[in-house]
Novice: 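Structure provided below as structure tokens; questions to follow.
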Number of protein chains: 2
Amino acid sequence: MQLLNSSQYAIRILSYIANNREKSLYNAKELAEILSIPYKFLTKIMTDLVKAEFIISIRGRDGGYKLSKPASDVTVIEILDIFNEFVNYEQCVLGIGKCDGEHKCAMHDRWIEPKNLIQKMFEETTLENLEGRDFKLC
Amino acid sequence: MQLLNSSQYAIRILSYIANNREKSLYNAKELAEILSIPYKFLTKIMTDLVKAEFIISIRGRDGGYKLSKPASDVTVIEILDIFNEFVNYEQCVLGIGKCDGEHKCAMHDRWIEPKNLIQKMFEETTLENLEGRDFKLC
DNA sequence: ATCAAATACTACTAAAAGGTAGAATTAAAA
DNA sequence: TTTTAATTCTACCTTTTAGTAGTATTTGAT
């Protein structure tokens, strides 16, 4: 019951960039240090974010990364989709396929409410909403 | 954002046994077939359940498995604990350690409500509550 | 005693996630 | 034009989870 490290890192990275507008570009080295993410793993994730068009990268000396769109346009669920998380809304908590009115898994009824809440949270939370938080390790 | 296969299987197995009181013992072969769980993987999980004292096993010919305690005494969260899931209540959704009033992760406030709901659900749901559901693949 | 049918144990393989290493590419600056 | 600092690419290694194979052990029935 936890998000993939990749997803967690991606949210923290995008969230950090979105809420520190002083600089126009952030490079991998400083992001890795500030956010306590292994450098090489971070660069891999950045490439994913570039390919998914959430981030624009500037290569070469003095290059770096920046958001490709306004923070208010990026929802958490879109970030999760990059890593194929939480895509199967219909998937039941016991992983036995689609749960509907006819076929319910053992926990179906009890899972609906929290599932909908989480889904709503991920859909409605944008990078803008994540402002003013700590990003380092607690 | 999904339970481990082991946890899912364990819940389905215990839930099935709890709600089919006709027989006093269930063997691995029939459980594997009825619940669509790979036989060898199921026997491994059964051994875990026996060691965790949720299941009593009878070895030898005509042996099998049965619950070690009343269905109403077994909560879902206890089952998850066998596989070390959902033990860290304090763990935040972005996996950056303890989130408290002073140090909040980027999603802290939004995560509290669904997290508490899920926790409550796992704590309050017993095998008895899972009665009357389908257990096969939908 | 032997057989048959069951669980338990040991060890392995496969797939996915997490992470690392090093070279290639890009582009500004000296 | 060379250096330098950045991203990108390819390939690999490690850990965890998932699943499989084969043997040993147990025990009731014949």
Side-chain angles (χ1 to χ4, degrees), chain A residues 1-13 17 23-33 35-68 80 82-88 94-96, chain B residues 1-13 17 23-33 35-68 80 82-88 94-96:
Chain A
M1 284 307 276
Q2 221 190 328
L3 296 178
L4 298 180
N5 279 10
S6 301
S7 304
Q8 295 179 19
Y9 289 157
I11 294 170
R12 278 159 63 192
I13 294 163
I17 296 176
K23 305 178 63 176
S24 58
L25 280 183
Y26 296 85
N27 67 48
K29 189 156 171 273
E30 63 181 319
L31 290 174
E33 276 171 14
L35 302 173
S36 306
I37 299 172
Y39 172 76
K40 281 290 191 178
F41 197 29
L42 180 134
T43 60
K44 185 184 272 185
I45 291 169
M46 294 316 288
T47 312
D48 291 338
L49 295 178
V50 169
K51 282 177 179 154
E53 299 186 329
F54 287 84
I55 286 285
I56 290 171
S57 66
I58 311 295
R59 299 185 62 170
R61 185 170 173 160
D62 296 342
Y65 303 101
K66 64 180 176 186
L67 290 189
S68 69
L80 300 185
I82 301 173
F83 305 99
N84 297 312
E85 275 204 282
F86 218 77
V87 183
N88 300 315
L94 296 188
I96 56 175
Chain B
M1 285 304 277
Q2 220 190 329
L3 297 177
L4 298 180
N5 278 12
S6 300
S7 303
Q8 295 179 18
Y9 290 157
I11 294 170
R12 277 158 64 191
I13 294 163
I17 295 176
K23 305 179 63 176
S24 58
L25 281 183
Y26 296 85
N27 66 49
K29 191 158 170 272
E30 63 182 319
L31 289 174
E33 277 172 13
L35 302 173
S36 307
I37 298 171
Y39 172 77
K40 280 291 190 178
F41 197 29
L42 180 133
T43 60
K44 186 184 273 184
I45 291 169
M46 294 316 288
T47 311
D48 292 337
L49 295 178
V50 169
K51 282 176 179 153
E53 299 187 327
F54 287 84
I55 286 285
I56 290 170
S57 67
I58 311 295
R59 298 183 64 170
R61 185 169 173 158
D62 296 342
Y65 303 101
K66 65 180 176 186
L67 290 187
S68 69
L80 299 185
I82 301 173
F83 305 99
N84 297 312
E85 275 204 282
F86 218 77
V87 183
N88 299 317
L94 296 188
I96 55 175

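Just so it is clear: chains get the letters A, B, ... in the order the sequence lines come, proteins before strands, and each one is counted from 1. Side-chain atoms are counted along with the backbone in the values below, which use heavy atoms only and exclude waters and symmetry mates. This structure is a prediction, so every number in the text was calculated from the model and none was measured.
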Novice: Please list every stem that involves DNA chain D, where a stem is a run of 3 or more consecutive Watson-Crick or G-U wobble pairs with both pairing distances under 3.5 Å.
Specialist: C:1-30 with D:1-30

Novice: To the nearest 0.5 angstrom, please state how far the CD1 atom of A/Ile82 sits from the CD1 atom of A/Ile45.
Specialist: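 Result: 10.0 Å between the selected atoms.
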
Novice: Taking the side chain of B/Arg61 as its heavy atoms from C-beta onward, which of D/dA5, D/dG28, D/dA18 lies nearest to it?
Specialist: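 When the side chain of B/Arg61 is considered, D/dG28 is the closest of D/dA5, D/dG28, D/dA18.
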
Novice: For B/Pro38 and B/Gly60, take the nucleotide of DNA chain D holding the closest heavy atom to each; which residue's nucleotide lies nearer the 5' end?
Specialist: B/Pro38

Novice: Look at the side chain of B/Leu4 and decide which nucleotide, out of D/dG19, C/dA6, D/dT17, has an atom nearest to it.
Specialist: D/dT17

Novice: Residues of residues 39-54 of chain B with any non-hydrogen atom less than 4.0 angstrom from an atom of DNA chain D: list those, numerically ordered, please.
Specialist: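 Of all residues in residues 39-54 of chain B, the ones placing a heavy atom under 4.0 Å from DNA chain D are B/Lys40, B/Phe41, B/Lys44.
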
Novice: Check the surroundings of atom NZ in B/Lys23: do more than 12 heavy atoms from other residues, nucleotides or ligands lie under 6.0 Å from it?
Specialist: yes

Novice: Think A/Asn5 has a side-chain N or O under 4.0 angstrom from the OP1 or OP2 of C/dG18?
Specialist: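 For C/dG18, OP1 or OP2 has a side-chain N or O of A/Asn5 closer than 4.0 Å.
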
Novice: Is the shortest side-chain N/O distance from B/Asn27 to OP1 or OP2 of C/dT7 below 4.0 Å?
Specialist: no

Novice: Evaluate the side-chain proximity of B/Tyr9 to B/Leu35: yes if any heavy-atom separation is below 4.5 Å, no if none is.
Specialist: no

Novice: State, yes or no, whether a side-chain contact exists between A/Ile55 and A/Ile17 at a heavy-atom distance under 4.5 Å.
Specialist: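 Yes, side chains in contact.
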
Novice: Any side-chain heavy atom of A/Ile11 sitting closer than 4.5 Å to one from A/Leu80?
Specialist: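 Contact flag for A/Ile11/A/Leu80 side chains = yes.
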
Novice: Classify the side chain of A/Arg59 and the base of D/dT8 as holding, or not holding, a donor-acceptor pair under 3.5 Å.
Specialist: no

Novice: Would you tell me if any nitrogen or oxygen in the side chain of A/Tyr9 comes within less than 4.0 Å of OP1 or OP2 on C/dG18?
Specialist: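 A/Tyr9 to C/dG18 OP1/OP2: no side-chain N or O under 4.0 Å.
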
Novice: Taking the side chain as C-beta and beyond, is there a heavy-atom pair between B/Leu3 and B/Phe83 under 4.5 Å?
Specialist: no

Novice: Considering only D/dT7, D/dA29, C/dT20, which nucleotide approaches the side chain of B/Asp62 most closely?
Specialist: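 From the listed options, D/dA29 comes nearest.
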
Novice: Could you tell me how far apart A/Leu25 (CG) and C/dA27 (C1') are, to the nearest whole angstrom?
Specialist: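 The answer, rounded to whole Å, is 13 Å.
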
Novice: Could you please name the option among D/dT4, C/dA8, C/dA4 that lies closest to any side-chain atom of B/Ser57?
Specialist: C/dA8

Novice: Using whole Å, what does the distance between atom C1' of nucleotide C/dA8 and atom CD1 of B/Ile58 come to?
Specialist: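 It is 14 Å, rounded to the nearest whole Å.
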
